[in-house]
Protein chains: 2
Amino acid sequence: MIENPKDVLILHFQETISLKENEISLVKNHFKIKELKKKEILIFPGDVSNHMQFIYKGCLRNYYMDQEAKEHILQFGIENWWVNDLYSYLTKTPSKQFVQAIEKSIILQIHRDSLNELFDQIPAIERFFRLKFEKAYVSLQDRTINTLSKTAEERYLEFRSQYRDIEQRVPQYMIASYLGITPEFLSAMRKKIAK
Amino acid sequence: MIENPKDVLILHFQETISLKENEISLVKNHFKIKELKKKEILIFPGDVSNHMQFIYKGCLRNYYMDQEAKEHILQFGIENWWVNDLYSYLTKTPSKQFVQAIEKSIILQIHRDSLNELFDQIPAIERFFRLKFEKAYVSLQDRTINTLSKTAEERYLEFRSQYRDIEQRVPQYMIASYLGITPEFLSAMRKKIAK
DNA sequence: AGACTTTCTTAAGGTACCTTAAGATTTAAG
DNA sequence: CTTAAATCTTAAGGTACCTTAAGAAAGTCT
């Protein structure tokens, strides 16, 4: 039995909502498969993000670059996650961020217009995405709170226990960037923790 | 001509969407007026937030308290803003935050069930709140980015130019809390900037 | 007006985290 | 297998921001 990207997507939806047979094929028809090479950039600053994208295979990151050309990672994504610059997607304004494949990846994309059609045809899908947006808000708020009130070490330990799978497949300097610290300081911290 | 809280609310909606006469009275009927004394707490940790609330008069803050009993302000709100713990409201889970009146305030509240009824009756209202949620997400993301990549001084100057009205009516130690620094450090910074 | 509470400032000493620079290790590419 | 590229570590010196503690200033209540 061969695993098909779109079947995986349907299973993913069905963890939250239920879909009838005809709805399933409708959903499948609206998504397109896209392959990304390692380091390929999906969204550049200045682009308007017009698609929602689901990761079938691989690993991506969402980051922005500050005035001093330093990168700050906002989010990682791996299998079964959605990645996007939601800001740009929701407001239809140019992104200030990059979305880039960290590994060779396969994603499923749906255009905003196409998704809106789906919303009209399948209310459960609209519900699904509403819940996704809520979750995105919630996890962003957790991040804000953490950044304001915890030390780098606390944040690192939390990251490690929460995202062990991610920690093991992305370079450490990216984790440092996500945590808001330098790779050197992360390295020193790890040494200290190991003892 | 006396200013009525509910009329102000309707004007606020009409900056974004348009409402017919019958819709206006429908909306007005769903909101309740509530007065808050200075320092009165509207949402306690553990409460589930079941209302959206619009500030007609006054000033509120949304903060949470960490393990060391330090307060971290997430948001301020003044006239014509909405305040809430959106996290709790959206997920119907107990809040981890406080929402408190900084000044004597008058707010307009609508219960989630009541708002959902309104959504069925007036699609423009649903649209209004969808846009609000998007904006909340966007500004939260701006905050996360700022906190990760800017110094306290940069954040303070930005806060000052963006929220001059708020800066002038809340105590400085609360601004420090919002910026994620100590009041002592803010005081020192201000002295330095003034020169 | 006087007393209490809240808010703001000053200062000294400390810590978390940064910068720079170089070398060590691992991974990728021919 | 060899070399280059990417990643991780170490170390020294620096800076942003914190802690504690105390006093000054402003606001509130009777």
Side-chain angles (χ1 to χ4, degrees), chain A residues 36-41 58-59 61 63 65-73 76 100-105 146-160 166-195, chain B residues 37-41 58-59 61 63 66-73 76 100-105 146-160 166-195:
Chain A
L36 299 167
K37 284 181 242 164
K38 185 170 180 173
K39 297 196 181 173
E40 187 171 343
I41 291 177
C59 181
R61 65 175 175 149
Y63 66 99
M65 200 174 271
D66 67 20
Q67 300 98 325
E68 289 151 347
K70 278 187 195 156
E71 295 175 3
H72 301 268
I73 296 184
F76 294 107
Q100 183 194 36
I102 296 176
E103 306 168 359
K104 182 169 186 288
S105 303
N146 272 346
T147 310
L148 286 171
S149 68
K150 297 195 175 156
T151 65
E153 186 171 329
E154 287 168 325
R155 278 178 275 140
Y156 173 58
L157 292 173
E158 205 165 302
F159 178 85
R160 255 200 354 188
I166 292 178
E167 198 218 347
Q168 275 155 2
R169 62 201 272 193
V170 309
Q172 260 166 50
Y173 73 86
M174 288 193 188
I175 294 173
S177 163
Y178 178 88
L179 295 173
I181 60 177
T182 57
E184 295 84 358
F185 189 63
L186 176 55
S187 177
M189 250 171 44
R190 283 167 54 84
K191 189 180 171 188
K192 185 188 145 211
I193 290 168
K195 281 191 294 200
Chain B
K37 286 181 241 164
K38 185 171 180 171
K39 297 197 181 174
E40 186 172 344
I41 291 178
C59 182
R61 65 173 174 149
Y63 66 98
D66 68 18
Q67 300 97 326
E68 287 150 350
K70 279 187 194 158
E71 293 175 4
H72 301 267
I73 296 184
F76 294 108
Q100 182 194 37
I102 297 176
E103 305 169 358
K104 182 170 185 290
S105 303
N146 273 347
T147 310
L148 286 172
S149 67
K150 297 193 174 155
T151 64
E153 186 170 330
E154 286 168 326
R155 278 177 277 143
Y156 172 59
L157 292 173
E158 205 165 301
F159 179 85
R160 255 198 356 186
I166 293 178
E167 198 218 347
Q168 274 154 4
R169 63 200 272 192
V170 309
Q172 262 165 48
Y173 73 87
M174 288 193 188
I175 295 173
S177 163
Y178 179 88
L179 295 173
I181 58 178
T182 57
E184 293 86 358
F185 189 63
L186 176 56
S187 178
M189 250 172 44
R190 282 166 56 84
K191 190 180 172 189
K192 185 189 144 210
I193 290 169
K195 278 194 292 199

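None of the values given here were measured: they were computed from a predicted structure. Naming convention: chains lettered A, B, ... in sequence-line order (proteins, then strands); numbering from 1 in each chain.
Of the candidate nucleotides D:dT19, C:dT20, C:dT7, C:dT20 has the atom nearest to the side chain of A:Glu184. Closest to the B:Pro171 side chain, of the nucleotides C:dT7, D:dC8, C:dT10, is C:dT7. Listed nucleotides D:dA16, D:dT7, C:dC18 differ in distance to A:Ile181; the shortest reach to its side chain belongs to C:dC18. The side chain of A:Arg155 has C:dC17 as its nearest neighbour among C:dC17, D:dC18, C:dT19. Taking the side chain of B:Tyr173 as heavy atoms from C-beta on, and the options D:dA11, D:dT7, C:dC8, the nearest nucleotide is C:dC8.
Put simply, CD on A:Glu103 is 14 Å from P on C:dT27, counting in whole angstrom units. Between the CE atom of B:Met174 and the C1' atom of D:dG27 there is a distance of 14 Å, given to the nearest Å. Computed from coordinates, the A:Lys192 NZ to D:dT10 C1' distance equals 17 Å when rounded to whole Å. Atom P of nucleotide D:dA16 and atom CG of B:Leu179 are separated by 16 Å, given to the nearest angstrom. If you measure from atom CZ of A:Phe185 to atom C1' of C:dT15, you get 10 Å, rounded to the nearest angstrom. Residue B:Met189 contributes atom CE, which lies 12 Å from atom P of C:dT9 at whole-angstrom precision. Between the P atom of C:dC18 and the CD atom of A:Glu153 lies a distance of 14 Å, rounded to the nearest Å. Atom C1' of nucleotide C:dT7 and atom CD1 of B:Ile102 are separated by 14 Å, given to the nearest angstrom.
For the residue pair B:Arg61 and B:Tyr178, no side-chain donor N or O sits within less than 3.5 Å of a side-chain acceptor on the partner.
Neither OP1 nor OP2 of C:dC17 sits under 4.0 Å from any side-chain N or O of A:Thr182. For the pair B:Lys39 and C:dT6, the criterion of a side-chain N or O lying under 4.0 Å from OP1 or OP2 is met. At the phosphate of D:dC8, neither OP1 nor OP2 sits under 4.0 Å from any side-chain N or O atom of A:Ser187. OP1 or OP2 of C:dT19 lies within a sub-4.0 Å distance of a side-chain N or O belonging to A:Lys70. Phosphate contact (OP1/OP2 of C:dT6, side-chain N/O of B:Gln172, threshold under 4.0 Å): absent. Contact annotation: B:Lys38 reaches the phosphate of D:dT28 (side-chain N/O to OP1 or OP2, under 4.0 Å).
Residue A:Ala188 is classed as having no contact, given no heavy-atom separation below 4.0 Å to the nucleic acid.
Using a 4.5 Å cut-off on side-chain heavy atoms (C-beta onward), B:Tyr156 and B:Ile181 make no contact. Here the side chains of A:Lys104 and A:Lys37 are not in contact, with every heavy-atom distance at 4.5 Å or above.
Among all heavy-atom pairs drawn from A:His72 and A:Asp66, the shortest one is NE2-OD2, 2.8 Å.
Remark: of the listed residues A:Met174, A:Arg169, A:Glu167, A:Met174 is the sole one forming a side-chain contact (heavy atoms from CB on, under 4.5 Å) with A:Phe76.
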